[in-house]
Amino acid sequence: MEAAMDLMRRISPKESETALSALLSLLPHHSADLLSQVDLPLQVCMDQQLMKEFILCEYNRDADSYRSPWSNKYFPPLEDGPLPSPQLRKLEIEANEVFTVYRDQYYEGGVSSVYIWEDHNESFIACFLIKKDGSRTGHGRRGYLQEGSWDAVHVIEVGPEEEGTAHYRLTSTVMLSLTTENKSSGTFNLSGSIRRQMSHDLSVAEGHLCNMGKMIEEMEGKLRNSLDQVYFGKTREMVCTLRPPPDGIQLRLPEN
Amino acid sequence: MADGGGGDEPEELSDKQKAEIAKWFLANAPAGEIQYVAKDVRSILGDDKIYEMAAAEAFPLHNKAHLLALEMPNRSGDVLIATYGELDKNNYFDPRTAQVATVDHVKQVCTTVRPANDDELPSPYIEDFRSTLDAELSKYVGETYPKGVCAVYCISGKDAEGPGADFEFVVQRDLAVNLEYRVQGQYAVCGNKRKDTGAHYFEEGNVQLDAKLECKDSTIFQSPEDSAVSITNIVRHHETEYLASLEASYVNLPDTTFKDLRRKLPVTRTLFPWQNTMQFSLTRDITKEMGIGK
């Protein structure tokens with residue numbers, strides 16, 4: 001398994017799906033581990049009842065059907081698919097509404113979905129997902145990207161409320177791919193993924209949604225900066241090592 | 001690609017299928033990482049015979065694609081593993097020293113060298129042109145790229161006694177960058193292709209960068225010395241332009257390209273109001289309807 005994970009890290013992220021499929025066929029007995037540890041781009045499906053798109057993931061799947069956060073129904077239809085409890089469903093509805101506005105503000109397009117379900121003992125788990133196609137044929141407003149996608153998965157484990165506070169543990173993964181094309185500088189493609197964790201104990205005075213939302217916002221900001229710095233940093237490095245500019249190498253530290 | 005995962009009974013793959021998968025991983029290993037990938041693949045396959053079969057086919061492809069430079073045992077320099085210099089699977093011609101090097105692809109070393117035979121060498125007329133071009137270009141590469149290795153191959157018409165041959169000039173700048181320039185016959189039309197790749201690993205993930213550029217230029221065929229100088233100038237010009245344009249675009253672009261994926265902050269320039277979202281959303285809708293602002 002270690003060798004498999006190392007391979008996944010080295011092979012170009014653009015080939016992740018092929019690589020994972022290959023590993024699954026070579027190591028069928030490790031499929032559960034592989035599927036849970038490897039990040040793949042998100043897929044989207046249409047809620048046929050409300051005609052709204054929703055994101056697919058392990059957390060809203062049962063057999064081969066997926067539950068839509070909008071209508072709370074499975075597509076393709078499923079007889080006894082598990083549903084969240086009424087209280088959690090209420091929170092889930094609100095979370096989806098609020099997250100839609102958040103997504104609109106930061107992403108100016110794209111699709112988002114939130115799934116919430118019970119964990120043991122008064123804890124619950126919430127999964128916030130965003131899929132954005134930033135290419136000029138997609139939702140890219142400014143048309144700079146030939147191809148561009150941003151997939152974010154945020155999983156928050158929320159512990160039981162104790163004396164007015166709760167423990168929140170966030171694991172975030174962002175998968176990114178972008179291609180810019182320019183007549184004079186050619187084609188540039190950057191793709192990769194980054195995963196980070198963050199834990200906080202917060203007062204529940206303003207509600208779980210507020211706490212989770214702020215954590216996600218903070219985390220996304222940090223991840224975006226890291227990726228931006230890598231892209232910028234890497235291109236700068238390539239440009240500088242091509243040949244040292246006549247007046248010495250100017251390294252500009254990216255603003256945070 | 002074999003379809004894996006899914007069914008209850010995992011199908012056992014045939015040796016041939018396993019070898020194909022191994023070959024795919026090896027051939028797609030990033031520049032300079034093939035030995036690590038090889039170790040992983042070997043361990044996953046658990047069958048040395050299949051691994052060796054796959055490696056024997058995949059390594060040469062990888063080495064040629066990345067223009068691997070191998071040191072020749074007699075300290076006469078490096079030989080580039082390039083399709084243009086390939087005499088047969090394990091033997092590669094080095095035009096500068098007129099030698100043929102035998103290599104072990106999997107170990108990525110050069111095992112022996114021997115002087116080239118007359119029929120492997122270009123005609124004196126061609127060689128004159130080639131070596132002058134090589135000298136001029138090598139000088140440029142030496143000045144510009146600290147670790148660069150280059151070679152000029154005559155790829156067609158090597159027995160010609162007059163103009164009309166095609167040459168290929170390749171530079172292996174460092175592990176991740178290949179440059180290829182094609183110089184054609186009479187009019188010395190120069191087409192070029194450069195390929196930069198970079199991988200960046202950090203604790204929390206990995207990111208890979210791929211860059212490509214193609215362009216064309218031309219000059220008139222002249223005496224070897226003059227041609228060499230003008231071709232070198234073309235190469236130098238292209239590289240400088242590329243560098244300048246990269247500098248210009250990428251100093252300004254990152255912020256805007258990332259914005260198309262995710263903004264740094266909302267248009268309001270403040271963090272998202274999680275407490276008052278519904279009110280915020282309402283205000284936003286009203287402003288939109290009344291056409292105020294953007």
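Order of the sequence lines sets the chain letters (A, B, ...), proteins ahead of strands, with each chain counted from 1. Just the heavy atoms: all of them, side chains too, but no hydrogens, waters or symmetry mates, feed the values below.
- Annotation for A:E15 and B:N28: closest pair OE2-OD1, 4.4 Å, computed over non-hydrogen atoms.
- Atom CD of B:Q275 and atom NZ of A:K214 lie 4.0 Å apart (nearest 0.5 Å).
- If you measure heavy-atom distances from A:L27 to chain B, the contacts under 4.5 Å come from the side chain alone.
- Listed here is the closest heavy atom pair of B:W274 and A:L209: CE3-O, 4.3 Å.
- Residue B:D40 holds its CG atom at 4.0 Å from CG of A:L7, rounded to the nearest 0.5 Å.
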Step-by-step side chain to side chain contact (heavy atoms under 4.5 Å, CB included) determination, B:T268 to A:Q105: CA-CA 9 Å; B:T268 56; A:Q105 286 291 291; 4.2 Å; yes
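- Taking the six-membered ring where the residue is Trp, B:F272 and A:Y102 present perpendicular rings, their angle passing 60° and hence far from 30°.
- Checked against side chain to side chain donor-acceptor pair (under 3.5 Å), A:H30 has no partners two or more places apart in sequence or in another chain.
- A cation-pi arrangement is present between B:R262 and A:Y106, with the terminal nitrogen or guanidinium carbon under 6.0 Å from the aromatic centre and inside a 45° cone about the axis.
- For A:E206, the part lying under 4.5 angstrom from a heavy atom of chain B is the side chain only.
- Residue A:Q43 qualifies as open at atom CD: its count of foreign heavy atoms under 6.0 Å is 12 or below.
- B:E33 CD to A:R9 CZ: the interatomic distance, rounded to the nearest 0.5 Å, is 9.0 Å.
- Contact record, A:Y107 with B:L261: CD2-O, 3.2 Å, taken as the closest heavy-atom pair.
- Shown here for B:D260 and A:K132, the closest heavy-atom pair between the two residues is O-NZ, 2.6 Å.
- Separation of atoms NZ (B:K18) and OG (A:S25) is listed at 9.5 Å; rounding is to 0.5 Å.
- Of the atoms belonging to A:S149, it is backbone heavy atoms, and not side-chain ones, that fall under 4.5 Å from chain B.
- Because its NZ or CZ atom is both nearer than 6.0 Å to the ring centre of B:Y36 and within 45° of the ring axis, A:R10 counts as a cation-pi partner of that residue.
- Checked against side chain to side chain donor-acceptor pair (under 3.5 Å), A:T171 has the following partners two or more places apart in sequence or in another chain: A:Q197.
- The number of heavy-atom neighbours closer than 6.0 Å to CG of A:D64, taken from other residues, nucleotides and ligands shown, is 12 or below.
- Residues B:I21 and A:A22 approach most closely at CG2-CB, 3.6 Å, considering heavy atoms.
- Heavy-atom distances place the side chain of B:L45, and not its backbone, under 4.5 Å from chain A.
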